[in-house]
Q: 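Just passing along the structure, written as structure tokens.
This one's a predicted model, so the numbers in the text were calculated from it and none came from an experiment. First the proteins, then the strands, lettered A, B, ... as listed; each starts at 1.
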Amino acid sequence: MPELPEVETIRRLLARRLAGRRILRAEFPERRSLRGDPAKTAARLVGQTIRAVGRRGKHLLIEFDSGLLLAVHLGMTGSLRGGGERGPHTRAVLELDRGRVLFDDPRMFGRIELCEALPARIARLGPEPLETTAADFIARLRARRRMLKPLLLDQAFLRGLGNIYTDEALFRAGIHPRALAARLSPERARKLHGAIREVLTAAIAAGGTTISDYVDVEGNPGGFQVRLRVYGRAGEPCPRCRAPIRRTVVGQRGTYYCPKCQKR
DNA sequence: ATCGGTACCTGCACGC
DNA sequence: TGCGTGCAGGTACCGA
């Protein structure tokens, strides 16, 4: 479900809600949603005060005064709720000195981990798409012999893009999802860098994309779905040339693109 | 390095 | 109504 813009939207709301709060109780009713032992993790969390909420790619990082870190990945269907009662898919509950936060995740692809430092798994991800420079991005593309779509989805190359925003960025840049990274001209690579920045920035401003179930901490859906140009629009006319948008599969992922506007 | 396949899960839409 | 199928915003691991 959530890609960078959704996670960033959640991070901002969570930061406001959680900064300075203390954990009174924690519960992990679903062992598989947690890396580590549920009882031990819960015990270590009690009494911890939240300093800040950060983000690396699609990972949320709840930082405590003690230096401990609660890393949350929402997977495909994970969501965080500020308040309310637990439901059938509640996988974690943090009871605070004011309010509570619940982690719901029907498909259980999401994970929570309490750690003392940034886990290697997260530390070794690629750069933030909104922080990397065009020059660096172009140089790194050049070094890869791979199709663009799977490369952009690879979190070790760039952290935060998922299926939706990859397709949207490639469309905006006029580049075919199967185009080979190393063969892109510097000008087209620069255009792709700009397209990624634009689509992510606009999506964050709109509060993310809701296809079926994404909601933020307050339960509000995103607003960017109405501005998607190709994702989920197979058969509809391309907003630029009116040719029908096509759906195909690239790297085992459903992929939407305009066969006329997007060239290899 | 890169690719394809599989696995992990549940829920929903769809066709019959 | 019920059942089978395919699909879904993500990641990890395996062998080729």
Q: Would you please say whether a donor-acceptor pair under 3.5 Å links the side chains of A/Glu3 and A/Tyr214?
A: no

Q: Taking any atom under 4.0 angstrom from a heavy atom of chain A, which nucleotides of DNA chain B are the first and last to qualify, 5' to 3'?
A: B/dT2 to B/dG11

Q: Should the pair A/Glu187-A/Lys191 be classified as a salt bridge under the 4.0 Å nitrogen-to-oxygen rule?
A: no

Q: Can you give me the N/O atom pairs linking the protein to nucleotides 14-16 of chain C at distances under 3.5 Å, or say none if there are none?
A:
none

Q: More than 12 non-hydrogen atoms from neighbouring residues, nucleotides or ligands closer than 6.0 Å to CZ on A/Arg145, yes or no?
A: no

Q: If you define the side chain from C-beta out and look only at heavy atoms, does anything of A/Leu96 sit under 4.5 Å from A/Arg17?
A: no

Q: How would DNA chain B look in dot-bracket form, 5' to 3', counting Watson-Crick and G-U wobble pairs with both distances under 3.5 Å and writing | for bases paired to another strand?
A: .|||||||.|||||||

Q: Salt bridge check: are A/Glu95 and A/Arg21 linked by an N-O gap of less than 4.0 Å?
A: no

Q: Do A/Arg111 and A/Glu113 meet the salt-bridge criterion of a basic N to acidic O distance under 4.0 Å?
A: no

Q: Does C/dC7 have OP1 or OP2 sitting under 4.0 Å from an N or O in the side chain of A/Arg253?
A: no

Q: Identify whether NZ of Lys or CZ of Arg in A/Arg140 sits under 6.0 Å from the centre of the six-membered ring of A/Phe157 and within 45° of that ring's axis.
A: yes

Q: Looking at A/Arg55 and A/Glu128, is there a salt bridge between them, counting it only when a charged N and a carboxylate O are closer than 4.0 Å?
A: yes

Q: Using the P atom as the point on both nucleotides, what is the distance between B/dG5 and C/dC7, in whole Å?
A: 14 Å

Q: Taking only the side-chain nitrogens and oxygens of A/Lys58, find out if one of them lies under 4.0 Å from OP1 or OP2 of C/dT11.
A: yes

Q: Using a cut-off of less than 4.0 Å, is there contact between a side-chain N or O of A/Tyr231 and OP1 or OP2 of C/dG9?
A: yes

Q: OP1 or OP2 of C/dT11 less than 4.0 angstrom from a side-chain nitrogen or oxygen of A/Gln155, does that happen here?
A: yes

